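First up is the structure itself, then whatever we jot down about it.
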There are 4 protein chains.
Amino acid sequence: MTSKKSEKYEMILEGALKVFAEHGYHRSQVSKIAKAAGVADGTIYLYFKRKEDLLICLFREKLGELVEKFENSVRDLDDVKEALRKVCEIHYTELENNVDLAHVTQIELRQSSMELRKEIGLAFKPYILLIENLLHKGIEQQVFKPDLDVKLVRLLLFGAMDEVVTSWLISGRKYSLSAQVDGTMDFFFNGIARPA
Amino acid sequence: MTSKKSEKYEMILEGALKVFAEHGYHRSQVSKIAKAAGVADGTIYLYFKRKEDLLICLFREKLGELVEKFENSVRDLDDVKEALRKVCEIHYTELENNVDLAHVTQIELRQSSMELRKEIGLAFKPYILLIENLLHKGIEQQVFKPDLDVKLVRLLLFGAMDEVVTSWLISGRKYSLSAQVDGTMDFFFNGIARPA
Amino acid sequence: MTSKKSEKYEMILEGALKVFAEHGYHRSQVSKIAKAAGVADGTIYLYFKRKEDLLICLFREKLGELVEKFENSVRDLDDVKEALRKVCEIHYTELENNVDLAHVTQIELRQSSMELRKEIGLAFKPYILLIENLLHKGIEQQVFKPDLDVKLVRLLLFGAMDEVVTSWLISGRKYSLSAQVDGTMDFFFNGIARPA
Amino acid sequence: MTSKKSEKYEMILEGALKVFAEHGYHRSQVSKIAKAAGVADGTIYLYFKRKEDLLICLFREKLGELVEKFENSVRDLDDVKEALRKVCEIHYTELENNVDLAHVTQIELRQSSMELRKEIGLAFKPYILLIENLLHKGIEQQVFKPDLDVKLVRLLLFGAMDEVVTSWLISGRKYSLSAQVDGTMDFFFNGIARPA
DNA sequence: CATGAATGAGTTTTCATTCAT
DNA sequence: CATGAATGAAAACTCATTCAT
């Protein structure tokens, strides 16, 4: 499905992922990435305009794959609650099983300029939209509250999950991330207040 | 209110806040900060061991003030729901009224090494604990669900609010942040599911 | 004669020799050396780990060449007195004909940390050993006194010649250095005491 | 005999001696010397024009004391051989018993600009002259060879002793320096050649 | 005389990026 | 397309020296 980009392109991105995850963006010299990718320093500039592009493309590429997974998993689920749970499950498990990627999305990606942050926001759009769509669908189906502020809630949902992942990562991954899905979903669906 | 640290110390920190907020940490040269603070470059190093210390101290100082405000506001509130709303309100309004600080906490502070991230985590501790205490208190008072996973929920709450602020900031502050308190609290208390 | 190290390597070393000789080690900025060598500042760091390395390598390289000359000249001389005279002659004439080098060995090289001094001592070893060997050989051949403290005498010989060179250099090279060979050898062989 | 310079003046010089000996000239910050001397940084500049002056004055002061000792010891000795031995003995024992001073004269003092080297040469003058006078006297008394090149020999003598001290210092002072007097004098008087 | 806080000039080193081969 | 040697701009930090108190 992904257009068959040059093999080197992929190798460089893989190298960047490894190096960024290990050393962080600012401590990752281009030459180190080149070595990890098995290409010459200059070669990188045949595929990427600048170092920052590596981060952006890496992010787009990987996020693209993730979103695809989200969409594939959710497509056939009519139950929006089930679908939202699936989204959360994928969010947690994918990052749990892909620590390097987690490092990059939770830590390195934030180490960037305002402009890049906007770039990132843009690339997140599809994921955010997917959540937004689920919310709309849920409202239609009268599964979710009719008066939800969708724009706000999608942020709350995403931010909540995002923090759980970051915290898990910084803590040294001492517990299971995917085991938090149930608690997270209960919070999302019912909040913390004791039912009357 | 703040203990009378050296006047220059405060001036430097103010300068750092301004410059960091405008240009971001990595693009803020020490000399620029010195100029903004009205001192010589070298003077900064009489008060701070290294550039990174500026970020850390700035953060500790400001977060300390915030936590103090949180604690003062919450102390006399017996109603935990009211208290949590107050926390959220302060969280939103303080950052809304203090864009420079918001920039630093939401953007610049994340631009740092793993070590610094841990530092930051540590400094956030009091705030996180405050939320945790509210949760415990609410459970005791049977206002919140008895089976809450407090450790998880405090992350979800904080992450949700954090993302709302970041998003508001990146979007260019085109809407009122403090106006999101109601929506946020409704989400926290009752979740998104339509009551049966 | 010298193994064909990179051309730039040699150019940089030549530049360093010139600049060190003229301004002294501590007043020689790397950028000045780069200009003298006709390369960019950064290029120096492709060949040398740090500025101090320039001094060390310069020293090793040049001293190596000198020692080679010493050994070649002495190899075929059976007469140890003749050999020692040759050593002194080379010591004086080489530095006399190579004022820049003299500056570096007599002045700049001493401007260094204790650690570097040890480095230097190590690099001098072959020369010192050469003198020591001559002394041993002379004792065997019953040309030199049988009870010489070889370890001490080699220092006395070297120190004496070294001071003559330094003094000549500091005085502004107002007299012929190589003309001091005879006087030096007479001192070495017979001392200052009037024969009984 | 020495004019009673200010007490602070002496304290600063003592501090400088200690700090220079321990850390070397270039690594000795003025503030460190001030602390060692028990005065404020600025105070040093009431007594010395610049940092380098500390080295020069230290040197002049200490060398002055040494030369005084040399002269006192030699004054009443009619036997020039005995006198020269005494000079060597003092040279070795004084530095052996005064490692800090030895460090400064043998190592730190050389770490200086060409101009300072000339300064130093000047301050050495009295010592060199003392040796020169002994040589002249010895020639007159027909104890030393009549055809000595006095200007050259004084350098050879000084250089030889100087190197012995430096080598002893760099080696880590693993042997007795004063025990080298006999060997040194035998070398000076009779050289290394086996008497016919 | 003495202080020590403040100054700011000065330098090594790194590393993203280029371009001749 | 690929290389990697060369580039040179950029910036944190130090520390001798000053001067208001």
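Residue numbering restarts at 1 for every chain, and letters A, B, ... go by the order of the sequence lines. Predicted, not measured: the structure shown is a model, and the values here were computed from it.
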- [ ] Flag the pair D:K62 and D:E14 as a salt bridge only when some basic side-chain nitrogen lies within less than 4.0 angstrom of an acidic carboxylate oxygen.
- [x] yes
Task: Atom pair distance, as rounded to whole Å: OH in A:Y45 and P in F:dA6 - done: 18 Å
Open item on the list: Here's a test of your reading of the structure: between C:G38 and B:G42, which maps to the more 5' nucleotide of DNA chain F?
Closed with: C:G38
Task: Nearest-Å distance for atom pair CG/C1', residues D:L46 and F:dT17 - done: 12 Å
TODO: Starting from the C-alpha separation in whole Å, work towards a yes-or-no answer on side-chain contact (heavy atoms from CB on, under 4.5 Å) for B:V104 and B:Y25.
DONE: CA-CA 8 Å; B:V104 170; B:Y25 178 72; over 6 Å; no
- [ ] For D:K32 and F:dA16, give me the distance from atom NZ to atom C1', rounded to whole Å.
- [x] 14 Å
TODO: Could you tell me the separation between the NZ atom of C:K49 and the P atom of E:dC15, rounded to a whole number of Å?
DONE: 12 Å
Open item on the list: Going by purine N1 to pyrimidine N3 plus the second Watson-Crick contact, or the G-U wobble pair, all under 3.5 Å, which nucleotide sits opposite F:dT3?
Closed with: E:dA20
Open item on the list: Can you classify the ring geometry of A:F124 versus A:F59 as parallel (below 30°), tilted (30 to 60°) or perpendicular (above 60°)?
Closed with: perpendicular
Open item on the list: Using whole Å, what does the distance between atom P of nucleotide E:dA16 and atom CD1 of A:I33 come to?
Closed with: 8 Å
Task: Per A:Y47 side chain, nearest of listed nucleotides E:dG8, F:dC1, E:dA2 - done: F:dC1
Open item on the list: Between P on E:dT17 and CD on A:E52, what's the gap in Å once rounded to a whole number?
Closed with: 9 Å
Task: Rounded distance in Å between the C1' positions of F:dT21 and E:dC1 - done: 13 Å
Open item on the list: Any base atoms under 4.0 Å from A:F48, or only sugar-phosphate, or nothing? Heavy atoms, all strands.
Closed with: nothing
Task: Selected nucleotide, minimal atom distance to B:Q29 side chain, candidates F:dA12, F:dC13, E:dG4 - done: F:dA12
TODO: Both distances under 3.5 Å, Watson-Crick or G-U wobble: report the partner of F:dT14, or none.
DONE: E:dA9
Task: Per A:T43 side chain, nearest of listed nucleotides E:dA16, F:dA2, E:dT7 - done: F:dA2
TODO: Could you state the atom-to-atom distance from CD1 of B:I44 to P of F:dA11 in whole Å?
DONE: 15 Å
- [ ] Choose from F:dT7, E:dT7, F:dC13 the nucleotide whose nearest atom is closest to any side-chain atom of B:D41.
- [x] F:dC13
TODO: Please report, rounded to the nearest Å, how far the P atom of E:dT17 is from the CZ atom of A:R50.
DONE: 7 Å
Task: Note, D:L66 side chain near D:T105 side chain (heavy atom, < 4.5 Å) - done: no
TODO: Decide whether a cation-pi geometry holds between D:K51 and D:Y45; the criteria are a distance under 6.0 Å from NZ or CZ to the six-membered ring centre and an angle within 45° of the ring axis.
DONE: no
TODO: With the side chain of A:A40 defined as its heavy atoms from C-beta on, choose the nearest nucleotide among F:dG4, F:dA2, F:dT7.
DONE: F:dG4
